[in-house]
*Asks:* 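Pasting a structure here, questions to come.
Basis for what follows: all heavy atoms, side chains included, without hydrogens, waters or symmetry-related copies.
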Amino acid sequence: GPVEMIVRIFQEEGIQGVFKGGVSTCLCIAVSNFVYFYSFHALKSTRKQGDQKPTTDLLYACIAGCLNVLITNPLWVVNSRLRMAGVNKDSVRYKGQLDGLIRIFKEEGVKALWNGTKASLMLVSNPAIKFTVYEFLKRRVMKGSSTGQLTANKAFVLGAFATAVATILTYPLQMVQAKARNSQEQMALNKIAATILRKNGVPGFFHGLDSKLLQAMLASGFMFLAYEKIAHFVL
């Protein structure tokens, strides 16, 4: 389980191992969330007031997700390799985010910075599902609210639940995406999926789901909490 894995990493690599790639992850999340939320809100502002439909939310979320993927994929490629450094003996080690971007560009070419883009574009469905579920539940909850504002506790719970739904539905694609980003070879997505299926069967597509759910639900819960508070003052 996730706790046992954290203990094992701590024993083998120390405190640095537990936070491996932490700075890069924070940078990637910050840039990705800025691009996504800015795009999503910019698109939402174009529709008429009161014209709120799940299908419209889904469309806007997909467009914002595609923009996010195309802009930030190089950052996530480096981040994925930084976190996997030392796991495999053949893993290339980078000094940091900028060093990784430069070395991948020089050694593997510009295309390598967009490894896993196809899978990432398919995974636009993840934030799209997450935001659609969140907005749908939010509207239901807000109907009975007299303040016109979502409370911090409700925002956290709704965000965590919406993330759990999206993560479970799209996790097999996330596995394929992770394999594509970590590989220095340009492998087709169907070949990566076939390799996972051949070696580990269907359960291989859900390896590490419990850890991912824990991480994603907590992170998104706090993200939506902050999102609602900031949106209340800014918008």
*Asks:* If we ignore hydrogens and angles and just use 3.5 Å, is the side chain of Tyr171 paired with the main-chain N or O of His207 as donor and acceptor?
*Replies:* yes
*Asks:* When the ring planes of Tyr227 and Tyr134 are compared, do they come out parallel, tilted or perpendicular, using 30° and 60° as the limits?
*Replies:* perpendicular
*Asks:* What are the two closest non-hydrogen atoms of Ala128 and Cys62, and how far apart are they?
*Replies:* CB-SG, 3.8 Å
*Asks:* Is there a path of hydrophobic side-chain contacts, each under 4.5 Å between heavy atoms, that joins Leu123 and Leu213?
*Replies:* yes
*Asks:* Quick one: CG on Leu121 to CG on Leu173, what's the gap to the nearest 0.5 Å?
*Replies:* 11.0 Å
*Asks:* Minimum heavy-atom separation for Ala112 and Ile104, please, with both atom names.
*Replies:* CB-CG2, 3.6 Å
*Asks:* For Ser120, does its backbone N or O pair with a side-chain atom of Asn73 as donor and acceptor, under 3.5 Å?
*Replies:* no
*Asks:* State, without any angle test, whether Trp76 and Ser32 hold a side-chain donor-acceptor pair at a distance under 3.5 Å.
*Replies:* yes
*Asks:* Measuring from Tyr38:OH to Leu43:CG, what's the distance to the nearest 0.5 Å?
*Replies:* 11.0 Å
*Asks:* Using 0.5 Å steps for rounding, measure from the OG1 atom of Thr163 to the CG atom of Leu218.
*Replies:* 10.0 Å
*Asks:* Under a 4.0 Å N-O cut-off, is there an ion pair linking Lys138 with Glu228?
*Replies:* yes
*Asks:* Please go through Val157's hydrophobic cluster and name the other residues, only I, L, V, M, F, W, Y counting, with side-chain heavy atoms under 4.5 Å joining them.
*Replies:* none
*Asks:* Rounded at 0.5 Å granularity, tell me how far OG1 in Thr56 sits from OH in Tyr60.
*Replies:* 6.0 Å
*Asks:* Donor-acceptor pair, Ser220 side chain versus Met217 backbone, under 3.5 Å?
*Replies:* no
*Asks:* Quick one: do Phe131 and Phe161 end up in the same hydrophobic cluster if we chain Ile, Leu, Val, Met, Phe, Trp and Tyr together by side-chain heavy atoms under 4.5 Å apart?
*Replies:* yes
*Asks:* Can you spot which of Leu27, Val23, Ile29 makes a side-chain contact (heavy atoms from CB on, under 4.5 Å) with Thr25?
*Replies:* Ile29
*Asks:* Might you point out which heavy atoms bring Tyr94 and Glu108 nearest each other, and give the distance in Å?
*Replies:* OH-OE2, 4.0 Å
*Asks:* Decide, yes or no, whether a salt bridge links Arg81 with Glu107 under the criterion of side-chain N to carboxylate O below 4.0 Å.
*Replies:* no
*Asks:* Give the C-alpha distance, both sets of side-chain angles, the deciding distance and a yes or no for salt bridge (charged side-chain N to carboxylate O under 4.0 Å, His left out) between Glu135 and Arg140.
*Replies:* CA-CA 9 Å; Glu135 291 287 337; Arg140 290 297 181 94; over 6 Å; no
*Asks:* Around atom CZ of Phe205, are there more than 12 heavy atoms of other residues, nucleotides or ligands at under 6.0 Å?
*Replies:* yes
*Asks:* Is it the case that the side chain of Trp114 and the backbone of Leu70 share a donor-acceptor pair, with hydrogens and angles ignored and the cut-off at 3.5 Å?
*Replies:* yes
*Asks:* Would you list the atom pairs, donor with acceptor, under 3.5 Å between side chains in residues 187-204 and any protein atom, with sequence neighbours excluded?
*Replies:*
from	atom 1	to	atom 2	distance (Å)
Thr195	OG1	Lys191	O	2.8

*Asks:* Give me each pair satisfying side-chain hydrogen bond (donor to acceptor under 3.5 Å, both in side chains) with a member in residues 121-131, each pair once, sequence neighbours excluded.
*Replies:* Asn126-Thr170
